[in-house]
Protein chains: 2
Amino acid sequence: MGKQATEMLKGTLEGIVLAILSERPAYGYEITAWLRDQGFSDIAEGTIYALLVRIEQRGLVDVQKVPSDKGPPRKVYSLNAQGQEYLQEFWRTWSFLAERLERLRKGGR
Amino acid sequence: MGKQATEMLKGTLEGIVLAILSERPAYGYEITAWLRDQGFSDIAEGTIYALLVRIEQRGLVDVQKVPSDKGPPRKVYSLNAQGQEYLQEFWRTWSFLAERLERLRKGGR
DNA sequence: CCCGCTATTCAGTGTTGCTATGTACCGGTG
DNA sequence: CACCGGTACATAGCAACACTGAATAGCGGG
């Protein structure tokens with residue numbers, strides 16, 4: 001999509017990745033591919049990796065190195081307890097925003 | 001709200017302001033007050049003014065200086081044709097994002 | 001042997017919202 | 001009159017985040 005999407009992704013992309021990880025552990029390449037598949041056509045590789053590093057440093061995920069028979073080893077991330085909590089907070093913030101935007105779209109005051 | 005909101009606002013705040021202006025012309029101080037009233041408790045004054053300057057420079061709004069009997073003159077902004085178009089695009093991008101997030105929240109794959 | 005796919009990393013850039021501060025106009029109070 | 005609070009706008013500096021582009025590296029096939 002356009003540049004509007006780029007700016008709108010700030011903050012939400014992190015939540016999206018955490019939500020994905022809350023369903024099952026995953027690694028960067030896999031997540032990027034899945035997002036592209038879902039229509040986030042222009043999400044750059046580097047973006048996801050940088051994001052994963054950030055959430056790891058914040059202690060929201062646990063990491064495990066797993067060998068792959070198709071290339072270099074994968075860094076598999078899984079959401080830990082603190083990450084779950086953070087994700088909950090994310091959904092609260094998202095709901096707040098989405099609610100107000102939906103109200104605005106309908107022309108309500 | 002927390003810092004999550006700060007990042008999530010990036011990109012959406014612009015759309016929010018444009019949506020407000022699509023209902024009726026308004027000036028910065030008024031918009032800030034309204035947003036605070038709607039629960040965006042920590043939106044800074046300066047943020048809105050900077051945003052208004054940006055969208056003016058991009059030609060999305062028209063400006064008119066209107067004297068006030070309670071203080072300095074107001075800069076009243078109104079959405080023009082180009083702004084309307086940009087707002088439409090914003091809603092499309094927003095729908096795209098909201099749809100996918102809602103799907104993720106429901107744990108759907 | 002090189003190419004393509006898998007997989008990760010990183011330096012540099014632009015946009016955005018926040019912080020903090022400054023300017024300025026007005027009316028009311030002491 | 002001096003001061004203060006509410007109204008109204010502007011701006012310089014900062015932090016966070018996603019994108020660009022490139023580099024590194026392992027693996028298998030032509």
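Just so it is clear, the values below take in all heavy atoms, side chains as well, and ignore hydrogens, waters and symmetry mates. Chain identifiers are assigned alphabetically (A, B, ...) following the order of the sequence lines, protein sequences preceding nucleic acid strands; residue numbering begins at 1 within each chain.
Using a 4.5 Å heavy-atom cutoff, the side chains of A/Phe90 and B/Leu101 are in contact.
Distance NZ (A/Lys3) to C1' (D/dT20): 16 Å, rounded to an integer number of Å. When rounded to the nearest whole Å, the span between CG of B/Leu52 and P of D/dA8 equals 14 Å. Taking atom OH of residue A/Tyr49 and atom C1' of nucleotide D/dC19, one finds them 16 Å apart after rounding to whole Å. We find that CD of A/Glu30 is positioned 19 Å from P of C/dC5, with the value rounded to whole Å. Regarding B/Gln4, its CD atom lies at a distance of 14 Å from the C1' atom of D/dC17, rounded to whole Å. As rounded to whole Å, 13 Å separates atom C1' of D/dC17 from atom CE of B/Met8. When rounded to the nearest whole Å, the span between CD of A/Gln57 and P of D/dC17 equals 11 Å.
An OP1 or OP2 oxygen of D/dA8 is reached within less than 4.0 angstrom by a side-chain nitrogen or oxygen of B/Tyr27. For the pair B/Tyr29 and D/dT7, the criterion of a side-chain N or O lying under 4.0 Å from OP1 or OP2 is met. Using a 4.0 Å cut-off, no side-chain N or O of B/Ser68 falls inside it from OP1 or OP2 of D/dT7.
Under the 4.5 Å side-chain heavy-atom criterion for grouping Ile, Leu, Val, Met, Phe, Trp and Tyr, A/Leu87 is connected to A/Ile55 within one hydrophobic cluster. The cluster map of Ile, Leu, Val, Met, Phe, Trp and Tyr, joined by side-chain heavy atoms under 4.5 Å apart, puts A/Leu13 and A/Trp34 in the same cluster.
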Subject >> Stepwise side chain to side chain donor-acceptor pair (under 3.5 Å) check, B/Tyr77 with B/Glu30 >> reply: CA-CA 11 Å; B/Tyr77 294 82; B/Glu30 186 186 9; over 6 Å; no
Between the protein and nucleotides 15-20 of chain C, are there any N/O to N/O pairs under 3.5 Å, and if so, what are the atom names and distances?
from: C/dT15; atom 1: O2; to: A/Lys10; atom 2: NZ; distance (Å): 2.7
from: C/dT16; atom 1: OP1; to: B/Arg58; atom 2: NH2; distance (Å): 2.9
from: C/dT16; atom 1: OP2; to: B/Arg54; atom 2: NE; distance (Å): 3.3
from: C/dT16; atom 1: OP2; to: B/Arg58; atom 2: NH2; distance (Å): 3.4
from: C/dT16; atom 1: O2; to: B/Lys10; atom 2: NZ; distance (Å): 2.9
from: C/dG17; atom 1: OP1; to: B/Leu9; atom 2: O; distance (Å): 3.3
from: C/dG17; atom 1: OP1; to: B/Gly11; atom 2: N; distance (Å): 3.4
from: C/dG17; atom 1: OP2; to: B/Arg54; atom 2: NH2; distance (Å): 2.4
from: C/dC18; atom 1: OP2; to: B/Thr47; atom 2: OG1; distance (Å): 2.6

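Scanning all heavy atoms of the two residues, the minimum distance from B/Gly11 to A/Glu7 falls at CA-CB, 3.7 Å.
Within 6.0 Å of the CD atom in A/Gln84, the count of heavy atoms belonging to other residues, nucleotides or ligands exceeds 12. A 6.0 Å sphere centred on CD of B/Glu85 holds no more than 12 heavy atoms belonging to other residues, nucleotides or ligands.
The aromatic rings of A/Trp94 and B/Trp94 sit parallel to each other, their planes meeting at less than 30°, with 60° as the upper class boundary.
Of the residues in residues 69-77 of chain B, those with a non-hydrogen atom less than 4.0 angstrom from any atom of DNA chain C are B/Asp69, B/Gly71, B/Pro72.
Within the 3.5 Å criterion, the main-chain N or O of A/Tyr29 finds a donor-acceptor partner in the side chain of A/Tyr49.
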